[in-house]
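So that we are looking at the same thing, I have put the structure below in structure tokens.
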Number of protein chains: 2
Amino acid sequence: MTTSAHKFSEEEQAGVYKAIYQRRDMRHFIKQPVDAAVLDKLLHAAHAAPSVGMMQPWRFIRITDPELRIALHQLVEQERVQTAKALGEREQEFMRLKVEGMLECGELLVAGLMDRREEYQFGRRTLPEMDLASVACAIQNIWLAARAEGLGVGWVSLFEPQAVATLLAMPEGSKPVAILCVGHVDHFYDEPMLQQEGWINAGDIDNVLMENQWDSASAEQSHQRKRSS
Amino acid sequence: MTTSAHKFSEEEQAGVYKAIYQRRDMRHFIKQPVDAAVLDKLLHAAHAAPSVGMMQPWRFIRITDPELRIALHQLVEQERVQTAKALGEREQEFMRLKVEGMLECGELLVAGLMDRREEYQFGRRTLPEMDLASVACAIQNIWLAARAEGLGVGWVSLFEPQAVATLLAMPEGSKPVAILCVGHVDHFYDEPMLQQEGWINAGDIDNVLMENQWDSASAEQSHQRKRSS
């Protein structure tokens, strides 16, 4: 066995894995403010994320105006109804799920892609969507740091991006990709909420791991997770 | 100040932030095998990532065939030349950068999006690209866990996705989005390698944070980071 001199201490490692495994996509929050210094730590953690060609394409708009929060919530509510319709036979089941905690969470952030991204070609000539991957890495940093701080985060993507962009005066070329609910929680879900609620089962890791080439049999099994209503 | 009962211990928190801040996008590796049990921990960490509607769209293909590794490297080398040309006046400067460590790293993984993603509408009706965001969160988990294990990770996106898909017999609808170099390193860069090498400066966090609406002045400043060659 080869070990590394750069390895963290056992306690530090435990913290990293605990954050990874106890992090949840939260939709239930308690109405309590988030300490400003902690929010600052989370945003700095985001800004330490990797990005393609170091373009740092993320932008975070903190929503402090209560009316703006309500307006954003209304946009999400509109899309929730549209999504339910698109789900067909699972429409009613979907409508019973709590899919966001925007009115309860202590802090609301809109995360988006900056404008003028076409100026950045490094690592994106054939995969321009790597800019979104970078934003997602930044959000995952927030998610894990928040868990370490004892705070929950929920990533809401139920919205028409152009409607949110217009509401926040975002320029052409930029794009909102997440409404992030950040806040105190009564408890973290023991398992992913959508699994708890019977929407879908977590997949077996063996079905997402392959060697040297695609494995159709494994891939097929991973599609059998959806539960019937 | 409001604190949370769910907060980690100081040591655990320190581990999380240390991983976030000391993680680097590595291109320099030493030729040493990665312990199988550690690789397994990294892949399990990936599978614990959040995903839109819990679709878990990530697939990881471990490359153990040395000839396949060389073939993948050749595809990246082809795209490296194409990217350099696309960069115009910075072509030569780009060609001098070390942009991948595929032939040295202990483990090579191809991360991709599964096929049949159109069956998953939850959180994706208006933002179908959330599947990629989920894969990126999984990769960020690998990146942070690897740092805790003392291992480096580099995300290479310099390739034509269809060429990689063909090489790995990936079905229509699936898509490779990352070639991940995972391995032992002599040392981690003190700062992002592209900054060390004078390619680009890290941006000021103030220029990516806004309140209630887009801030054009901040956004403009963040575009001034590119260094002249």
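Order of the sequence lines sets the chain letters (A, B, ...), proteins ahead of strands, with each chain counted from 1. Heavy-atom basis, side chains included; hydrogens, waters and symmetry copies ignored.
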*Is the CD atom of A/Glu67 crowded by more than 12 outside heavy atoms at less than 6.0 Å?*
no
*Can you name the nearest heavy-atom pair linking A/Ala45 to B/Tyr21, along with the distance?*
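Smallest interatomic distance, heavy atoms only, reads N-OH, 3.4 Å.
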*Out of A/Ala148, A/Ala169, A/Gly53, which one racks up the most heavy-atom pairs below 4.5 Å with chain B?*
A/Ala148
*Positive for side chain to side chain contact (heavy atoms under 4.5 Å, CB included) with A/His47, one of B/Asp204, B/Asp206, B/Ile20, B/Ile205*: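 Only match with A/His47 under side chain to side chain contact (heavy atoms under 4.5 Å, CB included): B/Ile205.
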*Does the pair A/Met130 and B/Val177 meet the rule for a side-chain contact (heavy atoms from CB on, under 4.5 Å), with working shown?*
CA-CA 8 Å; A/Met130 287 299 103; B/Val177 297; 4.0 Å; yes
*With no hydrogens and no angle check, is any side-chain donor or acceptor of A/Ser4 less than 3.5 Å from a backbone partner on B/Leu151?*
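It does not hold such a pair.
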*Could you check B/Tyr120 against A/Ile200 for side-chain contact (heavy atoms from CB on, under 4.5 Å), going step by step and ending with a plain yes or no?*
CA-CA 11 Å; B/Tyr120 298 80; A/Ile200 193 170; 4.2 Å; yes
*asked:* Whether B/Glu12 and A/Lys18 form a salt bridge (side-chain N of Lys/Arg under 4.0 Å from carboxylate O of Asp/Glu) is what I want to check.
replied: yes
*Give, as side chain, backbone, both or neither, the part of B/Arg147 having an atom under 4.5 angstrom from any heavy atom of chain A.*
both
_Worked verdict on B/Arg125 versus A/Glu160 for side-chain contact (heavy atoms from CB on, under 4.5 Å)_ = CA-CA 9 Å; B/Arg125 201 189 71 91; A/Glu160 189 62 64; 4.3 Å; yes
*asked:* Please find the pair of heavy atoms, one from B/Glu211 and one from A/Thr64, that lie closest to each other, and give the distance.
replied: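 Here B/Glu211 and A/Thr64 meet closest at OE2-OG1, 2.7 Å.
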*Would you mind telling me which of A/Val52, A/Leu108, A/Ile61 has the largest number of heavy-atom pairs within less than 4.5 Å of chain B?*
A/Ile61
*asked:* Can you tell me which portion of B/Val99 sits under 4.5 Å from chain A's heavy atoms? Options are side chain, backbone, both or neither.
replied: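 Only the side chain of B/Val99 comes within 4.5 Å of chain A.
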*Give a yes or no on whether B/Glu191 atom CD has more than 12 heavy-atom contacts from other residues, nucleotides or ligands under 6.0 Å away.*
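More than 12 within 6.0 Å, yes.
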*chain A contact via B/Asp215 - which portion, at a heavy-atom distance below 4.5 Å*: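 No part of B/Asp215 comes within 4.5 Å of chain A.
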*Tell me, for A/Leu72 versus chain B, whether the close heavy atoms (under 4.5 Å) come from the side chain, the backbone, both or neither.*
neither
*Check for a donor-acceptor pair, side chain of B/Ser157 on one end and backbone N or O of A/Gly123 on the other, with a separation under 3.5 Å.*
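Pair found, side chain donor or acceptor close to backbone of A/Gly123.
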_Any pair counted as side-chain hydrogen bond (donor to acceptor under 3.5 Å, both in side chains), so long as it reaches residues 129-139 of chain B, sequence neighbours left out_ = A/Lys175-B/Glu129, B/Arg117-B/Asp131, B/Arg124-B/Asp131
*Please look at A/Val156 and chain B and tell me whether the side chain, the backbone, both or neither of the residue comes under 4.5 angstrom of a heavy atom of that chain.*
neither
_Looking only at heavy atoms and a cut-off of under 4.5 Å, which of A/Ala14, A/Gly203, A/Ala86 has the most pairs with chain B?_
A/Gly203
*Which pair of heavy atoms, one from B/Gln22 and one from A/Phe8, lies closest together, and at what distance?*
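The pair with the smallest heavy-atom distance is OE1-CE1, 4.5 Å.
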_Close side-chain approach of B/Arg24 and A/Pro50, heavy atoms under 4.5 Å_ =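 B/Arg24 does not reach A/Pro50 side chain to side chain.
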_Need one label for A/Val185: side chain, backbone, both or neither, based on atoms under 4.5 Å from any heavy atom in chain B._
both
*Which pair of heavy atoms, one from B/Ala202 and one from A/Gln56, lies closest together, and at what distance?*
C-OE1, 3.8 Å
*Just give me the residue among A/Gln121, A/Met114, A/His44 that pairs up with chain B most often, heavy atom to heavy atom, under 4.5 Å.*
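Result: the option with the highest number of such pairs is A/His44.
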*asked:* Could you go through B/Met54 and A/Gln195, starting from their C-alpha distance and side-chain angles, then the distance that decides it, and tell me whether this counts as side-chain contact (heavy atoms from CB on, under 4.5 Å)?
replied: CA-CA 8 Å; B/Met54 232 181 111; A/Gln195 177 161 294; 3.7 Å; yes
*Check whether A/Leu87 gets within reach of chain B through its side chain, its backbone, both or neither, counting any heavy atom under 4.5 Å.*
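Just its side chain gets close to chain B.
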*Top contributor to chain B interface from A/Gly15, A/Ala36, A/Ser216, A/Ala19 [non-hydrogen pairs under 4.5 Å]*: A/Gly15
_Whether the side chain of B/His6 engages the backbone of A/Asp186 through a donor-acceptor N/O pair (distance < 3.5 Å, no angle test) should be reported._
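A pair under 3.5 Å: yes.
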*For A/Ala136 against B/Ala133, the heavy-atom pair lying closest together*: CB-O, 3.4 Å
*With only heavy atoms counted, which part of A/Arg69 is less than 4.5 Å from chain B, the side chain, the backbone, both or neither?*
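Neither part, no heavy atoms under 4.5 Å.
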_Check: B/Asn212 main-chain N/O paired with A/Asp65 side-chain donor or acceptor under 3.5 Å_ = no
*asked:* Please classify the contact between A/Arg59 and chain B as side chain, backbone, both or neither, with a heavy-atom cut-off of under 4.5 Å.
replied: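 Both parts, heavy atoms under 4.5 Å.
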*If you tally heavy-atom pairs under 4.5 Å against chain B, which of A/Phe94, A/Phe122, A/Trp214 wins?*
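Winner by heavy-atom pair count: A/Trp214.
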*Check whether A/Gln82 gets within reach of chain B through its side chain, its backbone, both or neither, counting any heavy atom under 4.5 Å.*
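Looking at A/Gln82, backbone and side chain both touch chain B.
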*Going by heavy atoms in the side chains, are B/Gln13 and A/Lys41 under 4.5 Å from each other?*
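Heavy-atom side-chain distance check passes, below 4.5 Å.
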*Portion of A/Leu127 that has a non-hydrogen atom of chain B nearer than 4.5 angstrom*: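 The side chain, not the backbone.
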